[in-house]
Amino acid sequence: MNNVVEFIRASYQEMSEKVTWPAYASLQRSSFLVLVASLIFALLIGVIDLGFENAMKWFYNAF
């Protein structure tokens, strides 16, 4: 149990003293970039999925 308490104390100390947190404006820019990239990838995968779906429908209807 002593090891767990020591681990939590060391983790708290590291997070509060040694970690450099980004500025709020930088965090907003990064979050916006991740949101836009996620939307682009989702649209790209959706278009590819739609293409495969139509190709499979055409293939199965051909026979």
Taking a hydrophobic cluster as the set of Ile, Leu, Val, Met, Phe, Trp and Tyr residues connected by side-chain heavy atoms closer than 4.5 Å, whether directly or through intermediates, do L44 and F52 fall within one such cluster? yes
Tell me every residue that passes side chain to side chain contact (heavy atoms under 4.5 Å, CB included) with [X], counting only those two or more places apart in sequence or in another chain.
X	result
W21	M15, V19
L43	none
V36	F32, I40

Residues at least two apart in sequence or cross-chain that pass salt bridge (charged side-chain N to carboxylate O under 4.0 Å, His left out) with E17, listed by chain then number, are none
My understanding is that only residues two or more places apart in sequence, or in another chain, count here; which of them pass salt bridge (charged side-chain N to carboxylate O under 4.0 Å, His left out) with K57? E53
In this structure, CZ of F63 is separated from CH2 of W58 (nearest 0.5 Å) by 7.5 Å
Quick check against the 3.5 Å criterion: does S38 have a side-chain atom that pairs as donor or acceptor with the backbone of V34? yes
Which pairs, with at least one residue in residues 40-49 and sequence neighbours excluded, count as a salt bridge (Lys or Arg N to Asp or Glu O under 4.0 Å)? none
